[in-house]
K.L.:
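Okay, handing you the structure first.
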Amino acid sequence: MFDSLSDRLRRTLGNLTGRGRVSEADVDAAMREVRLALLEADVNFKVVKEFVTRVRERAVGADILESLTAGQQVVKIVNEELTALLSAGDRTFRLVGSPAIVVLVGLQGSGKTTSAAKLAKHIVKLGRQPLLVAADPYRPAAADQLETLGRSLGIPVHHAQVGTATVDIARGGIEAAKRTGRDVVIIDTAGRLTIDDALMDEIRAVAAATSPVETLLVVDAMTGQEAVAVAQGFAGAVAVTGLVLTKIDGDARGGAALSIGAVTGIPVKFLGTGEKTDALEVFHPDRLAGRILGMGDIVSLVERAQEAFDEKQAARLEEQVRKGAFTLEDMLASMRQMQKMGPMGQVMSMLPGMGGMAKEAQDAVDRGDLKRVEAIILSMTPRERREPGILNAARRRRIASGSGTTLPDVNRLVKQFGEMQKLMKQLSGGGGRRAAMGQLLGRR
Ligand SMILES: Nc1nc2c(ncn2[C@@H]2O[C@H](COP(=O)(O)OP(=O)(O)OP(=O)(O)O)[C@@H](O)[C@H]2O)c(=O)[nH]1
Ligand SMILES: [Mg+2]
C-alpha cells in the first residue's frame, strides 16, 4: 500500500545520506520533498504540516548539522517522527473480564466479519478460548459467513434466528460463552453504508448491554480521507478503544491509514493484510515506519519466519543474522521458506534495505527466477556457499554452466547476496536494533 510513498521518501532521504555535509538549505529542500510525498500519499494536511515542522526543528537545532553523520541523523529523526506519528494512544489489546468482551464495529464491507475471524485466531494463539458471535440480524448470509470462517478455524460461533435484536444476540452470546467455558467473546456487528442514527443507536445499545473491554473500529484503509471522518463519527457515539485497519495489502495511497491515528487519537491495534484468516498483524509503529522508509524490519521478519519455520531453523537464522554470518545457504533456505510463507514480496519488503526490491523480488518469483537462484546455489560447493569471496571468474563460469544459467546471472546473484549481507551486518550492529533483537531472543 505504501509503495510509492516509500519510493519517494527513500529517494529523498537517500540524497541526504549520500553527501558528506548537510546544510540547512539541504534539510529544507528535503523537507519540501517529504511534505509533497506525504501530501501526495493522501496524508492529512495538518498532520503533514506538524510532521515537517517537527523534523525541521530537530534537524536544524542542536549541533546535528555540524556533525559528519548529519545526513544519517536527519534520516533517523524522520524515522523517529514517523514512528511517533503512528504511535497515537495506548495500543495494549486488553482481554480482561470473564469472559472478556470484544465488539467489532464499522461501516459495511470494512472487514468486520473477516477481522473477527482473524482476531479469534490471534486470540487462540495467545492461549485463550474465544467464541464468535454473529450479531447481524439483518442478513442471514452474514451469520453463515462467520459460521464458515469459525468452522475452518475450529472456533465455535454463536448465532440466533433472523430477526433477533442485536442486543439480544450479543447477550445470548455471552451467556453461551459462560455456559461453555469460553473466556473471550468477539461480537461481530452489522454495518451500514453510512453513519446514521439507527446504526449508532444499535452500537450504543450493544455497548451498554455488554460492557466490552475492547471496542474495535474496523476501517477500510482504501477509503482515503473519508476514513478519518468515519472514525470520528464512531468515536463520537461509543468509546472506541482501537482501530483495525484492513486492506493494507491494497494499492491505495495509504496516507489516510497513516494519519487516522494522529487525527483521532485512537490507537491502531491491528492491520489486516489480506483476505485469509492469518493476514492479521499486531500493529507496531516503529516497524511500519521502518518499512516505509525502506529500513526493513528484521524483527518482523524473524517473527514471521518463526511461525513458518521450524524452531531450530528459526533460531539458526536469528543467530546467523545477529552474527552477521548470513550465508548463501541461509539465503537459499530462507527463500524456500519464504515461498512457503506466502507472498514473497511481503516478506522481502521486511528485509533490511530490500523495501525497494520487494516488487522486483515478487516479479522474479513470478518469472521463475527463484528456480534459477536455487540452481546456481546448488551448483556451488559447500565452501563456495559459505565463502562467496573465493568465487573467481573460473568458478563462476563453472557454476553458470553447471546450473544452466549464464555468467551474468551468477554475477548478479553474488552481488545481490553481498549487498544483503552488508546490510544485515550494519543492521545487527546498530544499537537500537541490537536491543530489539536481544529482547526478542530473551523473550523466546
Ligand atoms: N485484501 C483484503 N481484503 C479484505 C481484508 N479484510 C477484509 N477483506 C475483504 O473485504 C470484503 C468485506 O469483508 P467483510 O469481513 O465481509 O466485511 P464486513 O465489515 O463484515 O461487511 P458487512 O458485514 O457487510 O458490513 C471481503 O471480500 C473480505 O474478504 C484485508 O485485510 N485485505
Ligand atoms: Mg460482516
Side-chain angles (χ1 to χ4, degrees), residues 1-3 102-122 130-153 155 157-160 162 164 166 169-170 173 185-196 198-200 202-203 206 214-224 226-227 230-231 233-234 237-238 240 242-254 256-258 260 268-283 288 291 300 304 342-343 345-346 349 362:
M1 166 163 274
F2 307 109
D3 283 356
V102 179
V103 175
L104 296 184
V105 298
L107 290 185
Q108 197 165 42
S110 57
K112 293 177 296 299
T113 304
T114 313
S115 301
K118 290 175 177 178
L119 266 181
K121 186 170 179 183
H122 172 72
L131 171 76
L132 286 159
V133 177
D136 182 341
Y138 311 107
R139 294 182 307 131
D144 293 345
Q145 184 192 356
L146 195 63
E147 191 87 41
T148 308
L149 288 166
R151 198 174 314 121
S152 75
L153 297 171
I155 294 168
V157 177
H158 174 85
H159 56 97
V162 181
T164 310
T166 307
I169 306 177
V185 175
I186 304 170
I187 302 176
D188 175 29
T189 62
R192 297 250 162 69
L193 277 174
T194 51
I195 294 181
D196 58 22
L199 173 66
M200 290 306 165
E202 185 171 296
I203 289 167
V206 170
E214 289 280 0
T215 302
L216 300 179
L217 173 62
V218 181
V219 176
D220 179 343
M222 306 272 284
T223 43
E226 166 88 17
V230 168
F234 274 93
V238 277
V240 176
L243 297 168
V244 181
L245 295 180
T246 62
K247 309 184 195 180
I248 292 289
D249 52 313
D251 56 6
R253 293 170 292 167
L258 294 184
I260 190 167
V268 178
K269 294 196 174 174
F270 297 97
L271 299 181
T273 56
E275 296 191 45
K276 299 228 176 78
T277 48
D278 56 1
L280 182 79
E281 283 180 22
V282 174
F283 179 62
L288 182 56
R291 251 188 264 172
S300 273
R304 189 181 290 210
Q346 266 187 29
S349 68
Q362 183 62 57

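Values below: every heavy atom of this structure, side chains too, minus hydrogens, waters and symmetry copies. Start at 1 and go down the list; that is how both ligands and their atoms are numbered.
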K.L.:
Identify, by atom number and element, the atoms of ligand 1 in contact range of Lys112, meaning under 4.0 Å from any of its heavy atoms.
P.N.:
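Listed by number with element, the hits are 15 (O), 17 (O), 18 (P), 19 (O), 20 (O), 21 (O), 22 (P), 25 (O).
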
K.L.:
Would you say the Mg ion (ligand 2) has Thr113 as a near neighbour, meaning an N/O/S atom of that residue under 2.8 Å away?
P.N.:
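Coordinating: yes.
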
K.L.:
Under a 4.5 Å cut-off applied to non-hydrogen side-chain atoms, are Leu119 and Leu104 in contact?
P.N.:
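In short, these two side chains touch, coming nearer than 4.5 Å.
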
K.L.:
Is Thr277 reaching over with its side chain to a backbone N or O of Lys118, donor-acceptor style, under 3.5 angstrom?
P.N.:
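Between the backbone of Lys118 and the side chain of Thr277 there is no qualifying donor-acceptor contact (under 3.5 Å).
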
K.L.:
For atom 16 (O) of ligand 1, what's the nearest protein heavy-atom neighbour? Residue, atom name and distance, please.
P.N.:
Gln145 NE2, 2.9 Å

K.L.:
Looking at ligand 1, is there an atom of it that comes within less than 4.0 Å of some heavy atom belonging to Ser110?
P.N.:
yes

K.L.:
Which atoms of ligand 1 are found less than 4.0 Å from any heavy atom of Gly109?
P.N.:
12 (C), 17 (O), 18 (P), 19 (O), 21 (O), 22 (P), 24 (O), 25 (O)

K.L.:
If the cut-off is 4.0 Å to any non-hydrogen atom of Gly272, which atoms of ligand 1 fall inside it?
P.N.:
31 (O)

K.L.:
If you take the nearest heavy atom of each of Glu275, Gln108, Lys247, which one is closest to atom 10 (O) of ligand 1?
P.N.:
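It is Lys247 that holds the nearest heavy atom.
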
K.L.:
Of all the heavy atoms in Lys118, does at least one lie under 4.0 Å from an atom in ligand 1?
P.N.:
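Checking ligand 1 against Lys118, which is what was asked, there is a heavy-atom contact under 4.0 Å.
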
K.L.:
Please tell me if the side chains of Glu275 and Thr114 come closer than 4.5 Å, counting only heavy atoms from C-beta onward.
P.N.:
no

K.L.:
So, Lys112 side chain and Ala190 main chain: donor-acceptor pair closer than 3.5 Å or not?
P.N.:
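Absent.
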
K.L.:
Which option out of Gly274, Gly191, Gly111, Ala134 puts a heavy atom nearest to atom 5 (C) of ligand 1?
P.N.:
Gly274

K.L.:
Mind checking whether Leu107 and Asp220 have side chains closer than 4.5 Å, heavy atoms only?
P.N.:
no

K.L.:
Report, in ascending order of atom number, the atoms of ligand 1 lying under 4.0 Å from any heavy atom of Thr113.
P.N.:
15 (O), 18 (P), 20 (O), 23 (O)

K.L.:
Which of the atoms of ligand 1 are close to Arg139, meaning less than 4.0 Å from one of its heavy atoms?
P.N.:
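Here the atoms of ligand 1 in question are 22 (P), 23 (O), 24 (O).
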
K.L.:
Quick one: look up the protein heavy atom nearest atom 1 (N) of ligand 1 and list residue, atom name and how far away it is.
P.N.:
Asp249 OD2, 2.7 Å

K.L.:
With the side chain counted from C-beta on, respond yes when Phe270 and Val282 share a heavy-atom pair under 4.5 Å apart, and no when they do not.
P.N.:
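Answer yes - side chains close enough.
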
K.L.:
What I'd like to find out is whether the side chain of Phe234 reaches to under 4.5 Å of the side chain of Leu199, using heavy atoms alone.
P.N.:
yes

K.L.:
For atom 15 (O) of ligand 1, which protein heavy atom lies nearest, and how many Å away is it?
P.N.:
Thr114 OG1, 2.5 Å

K.L.:
Is there side-chain contact between Val105 and Val206, with at least one heavy-atom pair below 4.5 Å?
P.N.:
no

K.L.:
Evaluate the side-chain proximity of Thr223 to Val230: yes if any heavy-atom separation is below 4.5 Å, no if none is.
P.N.:
no

K.L.:
Consider ligand 1: state whether an atom of it lies below 4.0 angstrom from any non-hydrogen atom of Gly106.
P.N.:
no

K.L.:
Check this for me - ligand 1, Asp136, N or O atoms closer than 3.5 angstrom, yes or no?
P.N.:
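Looking only at distances, the answer is no, because the N/O contact criterion of under 3.5 Å is not met.
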
K.L.:
Going by the atom numbers of ligand 1, which of them fall below 4.0 Å from some non-hydrogen atom of Thr273?
P.N.:
31 (O)

K.L.:
Would you check if Val103 and Thr189 make a side-chain contact, meaning some heavy-atom pair closer than 4.5 Å?
P.N.:
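Heavy-atom side-chain distance check passes, below 4.5 Å.
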
